[in-house]
Protein chains: 2
Amino acid sequence: MTQIQFTFKKTPARLAISEFLSGVKAPVDVEQIIEYLRLQKLDTNKVTVYRILDFLFKNQIIDRVEFGEGKYRYEFKTNHHHHHLVCTSCGRVQDVEANVVEKLENEIQKNKNFKVQSHSMEFFGLCSACQK
Amino acid sequence: MTQIQFTFKKTPARLAISEFLSGVKAPVDVEQIIEYLRLQKLDTNKVTVYRILDFLFKNQIIDRVEFGEGKYRYEFKTNHHHHHLVCTSCGRVQDVEANVVEKLENEIQKNKNFKVQSHSMEFFGLCSACQK
DNA sequence: GTATTTGCAAACACTTTGCAAGCAT
DNA sequence: ATGCTTGCAAAGTGTTTGCAAATAC
């Protein structure tokens with residue numbers, strides 16, 4: 001029984017970023033990550049942060065999403081696939097699951113002969129607090 | 001009976017960009033728009049193109065989408081809401097409709113008390129030609 | 001010891017802004 | 001004539017690259 005293994009030197013910056021991402025409840029941008037590192041007294045260069053995120057993303061440890069802001073956001077890969085509800089007023093982000101999408105993928109596969117590998121889905125609107 | 005009206009000076013660049021976007025079958029980026037304008041012998045400044053797209057987007061004449069490329073793509077607003085199948089191999093883009101999403105929005109509204117205003121959904125994978 | 005990882009500087013890609021000149025109406 | 005629109009230069013934001021020094025193993 002073999003196991004997929006990749007070289008992963010446990011440097012302070014990598015550990016801290018993994019730690020941070022695993023604890024966060026909504027996708028964060030690079031700025032927030034650097035801010036966290038600063039609080040941890042780790043003055044990591046922005047370039048290094050980008051490279052670590054690239055590394056984690058390519059090794060499928062984290063997900064990368066876009067909220068129409070012209071930048072990427074990152075979050076730890078979860079075992080339950082989910083999507084996001086992004087409040088256009090306060091920016092709050094909630095998770096939401098959608099089993100219908102898997103069904104949809106099967107239909108697309110069949111009707112369009114398109115082999116779906118991944119998808120992205122975000123909802124924008126007003127969270128409960130901002131509707132008042 | 002009043003009608004919502006916005007000042008829309010019909011300048012050559014605006015007309016050409018509208019013309020181009022209305023004829024295109026997949027969302028295009030700014031570079032493609034400028035290339036089109038060049039072919040039309042309209043050497044429009046890039047800044048002007050951005051401003052026109054901004055204008056059309058804010059007036060809800062066009063849609064702006066992201067395909068995880070770190071840039072925006074634009075397409076004419078259609079009366080039938082649709083999503084995209086983006087081929088990760090050749091880049092081909094097809095449209096797909098998904099009525100399930102409306103149902104999903106209602107559920108979200110009810111279960112999460114989140115007022116959905118808009119959403120984005122893209123599928124990435126292999127088109128029929130690239131599966132061979 | 002050695003290959004990987006980091007920091008720095010610089011560049012790159014995409015987008016926005018300020019202001020004066022130009023143009024549609 | 002007037003206010004909207006454009007071009008130019010510049011700057012802003014997010015991201016990537018080259019290379020030598022530092023570091024995990």
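Naming: A, B, ... by sequence-line order, numbering from 1 per chain.
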Short side-chain N/O contact from B:N45 to OP1 or OP2 of D:dT6, under 4.0 Å: no
Are [X] and [Y] close enough that their ring centres sit under 6.0 Å apart?
X      : Y      : result
B:F123 : B:H84  : no
B:F57  : B:Y72  : no
A:H83  : A:H119 : yes

Atom of B:A16, atom of B:Y36 and distance for their closest heavy-atom approach: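 Closest approach of B:A16 to B:Y36, heavy atoms only: O-CE2, 3.6 Å.
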Heavy-atom closest pair, residues A:F124 and A:F67: CE2-O, 3.7 Å
Note: A:E107-A:K110 ion pair, threshold 4.0 Å (strictly below):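 So A:E107 does not pair with A:K110 through a salt bridge.
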Rounded interatomic separation in angstrom, taking [atom1] from [X] and [atom2] from [N]:
X     : N      : atom1 : atom2 : result
A:L15 : D:dT23 : CG    : C1'   : 14 Å
A:R14 : D:dC25 : CZ    : C1'   : 13 Å
A:F55 : D:dA24 : CZ    : C1'   : 13 Å
B:N59 : D:dC4  : CG    : C1'   : 13 Å
A:K58 : D:dT15 : NZ    : C1'   : 12 Å
A:L42 : D:dT23 : CG    : P     : 13 Å

Heavy-atom neighbours of B:K46 NZ exceed 12 at 6.0 Å: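 For B:K46, atom NZ is not crowded (no more than 12 foreign heavy atoms under 6.0 Å).
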Show me the protein contacts with nucleotides 20-22 of chain D, counting only N or O atoms at under 3.5 Å.
none

Pair A:H82, A:Q94: side-chain N/O donor-acceptor within cut-off below 3.5 Å: no
B:Q117 side chain to A:T88 side chain, donor-acceptor N/O pair below 3.5 angstrom: yes
Could you list the protein-to-nucleotides 13-16 of chain C atom pairs, N/O on both sides, closer than 3.5 Å?
| unit_1 | atom_1 | unit_2 | atom_2 | d |
| --- | --- | --- | --- | --- |
| C:dT15 | OP1 | B:Y72 | N | 2.9 |
| C:dT15 | OP2 | B:Y50 | OH | 2.5 |
| C:dT15 | O5' | B:Y50 | OH | 3.4 |

Test: A:R64 cationic atom under 6.0 Å from A:Y74 six-membered ring centre, within 45° of axis: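 Relative to the ring axis of A:Y74, which defines the angle, A:R64 lies outside at least one limit.
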Footprint string (nucleotides 19-25 of chain C, 5' to 3'): B base within contact, S backbone only, - free, heavy atoms under 4.0 Å: B----BS
Verdict with reasoning, A:R73 to A:D29, per side-chain contact (heavy atoms from CB on, under 4.5 Å): CA-CA 4 Å; A:R73 289 180 172 271; A:D29 60 21; 4.1 Å; yes
